[in-house]
Amino acid sequence: MEKLLAGLNEPQREAVLHTEGPLMIIAGAGSGKTRVLTFRIAHLLAKGVDAFNILSLTFTNKAAREMKERIEKLVGTDARNLWMGTFHSVFARILRAEAEKLGYPSNFSVYDTDDSKSLLRSIINEMQLDDKLYKVNGVLSRISSAKNRLITPNEYLNNPILMSDDENANRPKLGLIYKAYAERCFKAGCMDFDDLLFNTCKLFHLHPDVLNKYQRRFKYIMVDEYQDTNYVQYMITRQLSAINNNICVVGDDAQSIYAFRGADISNILNFEKDYPDLYVVKLEQNYRSTKNIVHLANSVIKHNQAQLRKDVWTDNEEGNLIELIKATSDNEEGRIVAQSIFEEKNQNHWKNADFAILYRTNAQSRAMEEALRRLNIPYKIIGGLSFYQRKEIKDLIAYLRYTVNHNDEEAFKRIINYPKRGIGDSTVSKIVVTAVDNGVSIWEAMMNIERFMPGRVANAVTEFTDLVRGFELAVQTKDAYDAANQIAKESGILKELYEDKTVEGMARYENLQELLNAIKEFAEDKEREDRTIGAFLQEVSLLTTTDEKDGEENNDKVTLMTIHMAKGLEFKQVYVVGMEEDLFPSQMMMQSRADLEEERRLFYVAVTRAEKKLTLSYALTRYKYGRLHQCEPSRFLQEIDARYLYVPKKTSQQDMMADDYFSAMTKLGGPQSGFNIKRKEPPKPTPAAGMAEHVPSPNFKPSDTSLLKAGQRVEHPKFGFGEVVMIDTGGNEKKAKIMFDTVGEKTLLLSFAKLMIL
DNA sequence: CTATCGCACTGTAGT
DNA sequence: AGTGCGATAG
């Protein structure tokens with residue numbers, strides 16, 4: 001252990017050795033956070049703490065797995081009993097043991113996002129609401145944020161602020177949808193992802209003895225990526241640590257990039273208030289990047305207001321200046337980047353795997369892919385559809401789920417007529433209606449179908465129930481693999497796919513075989529206590545893209561991914577592409593969310609992935625929904641301290657300055673036929689450049705909305721002129737609704753910094 | 001019950 | 001432009 005500690009700097013060592021009492025580690029980018037965390041746990045174990053008493057919460061399964069491996073390397077098999085995992089996986093496990101206390105079956109299924117959406121769609125239909133007004137995505141995110149703030153359906157319905165919000169948004173029934181949704185999930189014996197945390201809190205609240213049991217068990221609690229936790233996660237950790245008070249949170253407020261899914265940066269900003277005797281360690285030395293990269297990152301993030309004082313510095317070499325590339329189009333941007341990778345690779349003797357191309361949205365990968373393929377540069381794309389999101393996989397999983405839990409409504413809907421067995425929508429709704437009328441479950445109704453729907457349909461339904469009962473028997477008597485195999489065969493899925501001789505069909509068949517292999521591995525894993533289908537389903541429902549194995553031998557590939565996926569990774573050279581206004585920072589974010597501070601943190605995360613070289617690029621035109629659009633450079637390029645930037649003389653491969661190219665194109669009335677340039681709409685009443693600093697009015701402090709009065713005229717650089725129509729200052733959130741003359745109504749949260757009172 | 005047509009969407013991500 | 005889902009017609 002001493003040997004290990006010798007390699008650490010002073011704050012790192014402090015973080016490792018400070019084991020008793022609350023601790024907050026503010027870990028800047030590239031400051032050796034993972035190392036500190038693993039050493040800290042190893043140190044606890046070396047001190048004689050039982051692994052059984054340590055709980056370590058991470059943000060992804062992958063992070064948990066990697067950390068566990070590292071610790072096992074340090075301390076050996078002592079690490080076996082560590083509880084290490086995501087919030088969801090850890091508390092799903094606890095809920096599985098305690099579910100009955102909340103009225104759930106212990107084999108509850110977990111709804112994924114698609115299941116949730118499908119259920120919501122049914123509910124919105126059944127309530128005869130306008131699905132254009134009640135969009136599934138919007139409704140789901142509203143319900144999700146309510147659950148993340150521990151608001152029950154009834155509390156929602158009794159909350160005047162939420163209700164008036166909904167009314168103003170013309171969606172007064174949202175609370176009722178939430179209530180119906182929660183009831184349906186409960187009846188189906190299912191939890192969605194948010195329920196796993198919500199119900200954990202509920203369990204602890206209703207059963208203090210259970211809470212006490214786990215409080216005494218988890219003597220040491222660690223939370224990684226604390227800046228990305230939401231309110232319910234905050235409550236869980238707070239309650240669990242209430243007795244022993246040994247809680248250690250690690251995070252970096254400058255890398256909080258998940259507000260859009262409910263992460264609450266104030267968790268980390270206000271942590272001090274909850275634990276007065278808190279000890280704070282700041283890891284500020286960056287070991288990853290050159291001075292130029294670190295300075296550039298700092299020069300942008302300093303524009304943010306909400307942050308902890310932190311000063312990231314590095315001892316590393318100065319390094320190259322950051323290259324800024326201007327391209328005429330997204331396709332040319334791709335060509336230049338691919339060409340650059342080709343040249344840099346030879347020049348520095350780097351591998352393909354030393355390069356990453358980062359972008360804001362997945363759609364941007366296309367141009368990059370084409371260019372790389374043209375130069376025969378191998379690449380891999382991280383993200384996109386995961387294995388477990390594929391239709392054929394979800395179908396078989398749905399059969400398994402339904403076999404285990406006959407109340408699982410979404411699984412039922414998926415499999416009842418797939419493969420086709422003559423039970424269509426009308427039959428299904430008749431069954432559902434009968435079940436509801438008689439107060440029995442759908443399953444029971446189907447078991448008695450001859451009584452109310454005798455005839456041909458009844459036979460089909462009985463065949464189906466017999467089939468499922470056979471599966472049930474198989475699950476009880478055989479091991480997971482044999483049972484799954486039987487289900488795949490007898491359900492007819494396997495046959496259906498086998499008969500499809502198209503390329504896609506063959507791929508689907510192979511995917512199914514791969515799923516069966518995965519079940520086989522699971523069933524034969526001797527280290528696992530619970531090797532049933534139920535346990536498999538639970539694990540699989542919490543698995544994602546990043547958790548899947550690479551599987552390929554040749555891993556020397558250029559990595560393409562979104563900035564979000566890049567967090568925690570590092571590459572010798574990084575290209576951040578698409579540095580254009582409205583794309584990065586994203587227009588959508590700017591309309592709905594706090595403001596551009598999160599986008600700025602996203603930029604910070606992107607550039608700090610680079611070790612040696614960093615290249616930024618933007619295009620002047622870009623394809624969007626099949627049409628060519630005109631773009632403007634991102635405001636972030638203006639915020640960068642110019643000292644760190646360098647613009648190569650020749651940026652266009654056609655040896656033509658991009659500006660000339662574009663003006664030539666527009667003079668000709670657009671490029672050749674088939675092109676259809678969508679001109680950017682002229683900026684609203686703001687200065688011509690569209691990038692000039694907007695000076696806030698002197699009487700108006702950003703984020704202080706109390707100065708706004710209904711009826712006031714205001715101006716916003718993005719949305720133009722408008723009128724304040726409503727303010728509510730209830731709770732912590734200050735909100736104002738502004739009716740903009742051209743854009744319509746906007747609810748602004750924190751973006752008041754740019755708002756002028758006229 | 002199935003096939004086809006038309007419309008809407010097109011955002012980052014983990015569980 | 002392309003896809004995927006839902007509604008409607010057959």
Side-chain angles (χ1 to χ4, degrees), chain A residues 57-64 85-92 110-118 121-122 124-125 131-132 135-138 141 144 147-148 191-198 200 225 228-230 232-233 257-263 358-366 382-386 388-389 391 416-417 420-429 456-457 460 538-547 561-568 578 582-593 598-599 601-603 605-606 623-628 674-676:
Chain A
L57 296 166
T58 55
F59 230 68
T60 62
N61 291 305
K62 190 179 166 212
T86 61
F87 274 90
H88 292 82
S89 66
V90 165
F91 296 109
V110 178
Y111 275 169
D112 70 10
T113 315
D114 289 342
D115 296 324
S116 298
K117 284 183 192 166
S118 158
R121 216 169 276 130
S122 322
I124 291 167
N125 266 334
D131 59 2
K132 301 214 169 47
K135 289 196 187 130
V136 175
N137 282 322
S141 86
S144 172
K147 281 188 192 165
N148 285 329
M191 297 194 198
D192 68 12
F193 291 127
D194 301 314
D195 286 330
L196 293 174
L197 305 178
F198 185 92
T200 301
E225 307 283 10
D228 290 330
T229 55
N230 57 33
V232 60
Q233 292 168 322
I257 55 174
Y258 285 111
F260 72 88
R261 66 174 205 225
L358 306 183
Y359 35 75
R360 184 64 195 17
T361 70
N362 277 315
Q364 288 167 256
S365 72
R366 195 218 81 234
I382 314 273
L385 257 197
S386 97
Y388 288 98
Q389 285 173 316
K391 183 188 178 297
I416 178 73
N417 202 26
K420 300 245 162 12
R421 47 173 73 89
I423 309 174
D425 289 349
S426 51
T427 311
V428 171
S429 49
R456 185 170 41 107
V457 203
Q538 172 125 46
E539 191 169 299
V540 143
S541 63
L542 302 175
L543 228 51
T544 56
T545 359
T546 44
D547 299 321
M561 64 184 143
T562 62
I563 300 165
H564 280 94
M565 303 223 59
K567 192 158 74 163
D582 292 345
L583 180 61
F584 189 23
S586 154
Q587 186 176 24
M588 295 214 140
M589 282 321 255
M590 309 288 289
Q591 288 190 22
S592 60
R593 281 291 153 190
E598 174 154 325
E599 295 284 311
R601 293 192 291 266
L602 208 47
F603 179 76
V605 169
Y623 278 93
K624 207 176 168 190
Y625 309 141
R627 237 180 296 207
L628 200 57
F675 288 96
N676 181 0

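We use all heavy atoms of the structure for the numbers below, so side chains are in, but hydrogens, waters and symmetry mates are not. A, B, ... follow the sequence lines: proteins, then strands. Residue 1 opens every chain.
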- Would you mind reading off the distance between A/K391 atom NZ and C/dC5 atom P, rounded to a whole angstrom? 10 Å
- Considering only side-chain heavy atoms of A/T361, which listed nucleotide, B/dT2, B/dT15, B/dG11, is closest? B/dG11
- Task: Return the value, rounded to whole Å, for the distance between atom CD of A/E599 and atom P of B/dA13.
- Result: 12 Å
- Residue A/H564, side-chain atoms from C-beta onward, closest of B/dT12, B/dT15, C/dC5: B/dT12
- Task: Could you tell me the separation between the CG atom of A/D582 and the C1' atom of B/dT12, rounded to a whole number of Å?
- Result: 16 Å
- Options B/dT12, B/dC9, B/dT15, nucleotide nearest the side-chain atoms of A/N362: B/dT12
- Task: Please work out whether the ring planes of A/H88 and A/F193 are parallel, tilted or perpendicular, with thresholds of 30° and 60°.
- Result: perpendicular
- Contact class for A/F87 vs. all strands (heavy atom < 4.0 Å): base, sugar-phosphate, or nothing? nothing
- Is A/Y623 close to A/L628 at the side-chain level, that is, under 4.5 Å between some pair of heavy atoms? yes
- Rounded interatomic separation in angstrom, taking CD1 from A/I416 and P from B/dT2: 12 Å
- Query: Where the side chain of A/R121 is defined as all heavy atoms beyond and including C-beta, which of B/dT12, B/dG14, C/dC5 is the nearest nucleotide?
  - Reply: C/dC5
- Query: Say you draw a straight line from CG of A/L542 to CZ of A/F87; how long is it, rounded to the nearest 0.5 Å?
  - Reply: 14.0 Å
- Examine A/H564 together with A/Y359 and report whether their ring centres are nearer than 6.0 Å. no
- Query: Whole Å only: how far is the CG atom of A/L542 from the C1' atom of B/dA13?
  - Reply: 15 Å
- Per nearest nucleotide of DNA chain B, the residue lying toward the 5' end, A/A363 or A/T86, is A/A363
- Message: In this structure, how many angstroms lie between the C1' atom of B/dG11 and the CD atom of A/E598, rounded?
- Response: 12 Å
- Would you indicate what A/L197 reaches in the nucleic acid, counting non-hydrogen atoms under 4.0 angstrom: base, sugar-phosphate, or nothing? nothing
- Message: Say we look at B/dG11 and C/dG4: how far apart would their P atoms be, to the nearest angstrom?
- Response: 15 Å
- Query: B/dA13 P sits how many Å from A/D192 CG, rounded?
  - Reply: 21 Å
- Out of B/dC9, B/dA13, B/dT15, which has the shortest distance to the side chain of A/H88? B/dT15
- Query: Heavy atoms under 4.0 Å, any strand shown: does A/K135 hit a base, just sugar-phosphate, or nothing?
  - Reply: sugar-phosphate
- Task: Round to a whole Å and report the spacing from CD of A/Q587 to P of B/dT12.
- Result: 14 Å
- Query: Is there a donor on the side chain of A/S541 or the base of B/dT15 sitting less than 3.5 Å from an acceptor on the other?
  - Reply: no
- Query: With a centroid cutoff of 5.5 Å and a plane-angle limit of 30°, would you call A/F260 stacked on B/dT12?
  - Reply: yes
- Query: Checking all strands, does A/N417 fall into the base, sugar-phosphate, or nothing category for heavy-atom contacts under 4.0 angstrom?
  - Reply: sugar-phosphate
- Query: What nucleic acid atoms does A/K420 come within less than 4.0 Å of, heavy atoms only: base, sugar-phosphate, or nothing?
  - Reply: sugar-phosphate
- Nearest-neighbour nucleotide for the A/R360 side chain, B/dA13, B/dT15, B/dT12 considered: B/dT12
- Message: Quick one, A/F584 and A/I563 - any side-chain contact, counting heavy atoms below 4.5 Å?
- Response: yes
- Query: Picking from B/dC1, B/dT15, B/dA13, which would you name as closest to the side chain of A/T427?
  - Reply: B/dC1
- Message: Under a plain distance cut-off of 3.5 Å, with no hydrogens placed, do A/T86 and A/S89 share a side-chain donor-acceptor pair?
- Response: yes
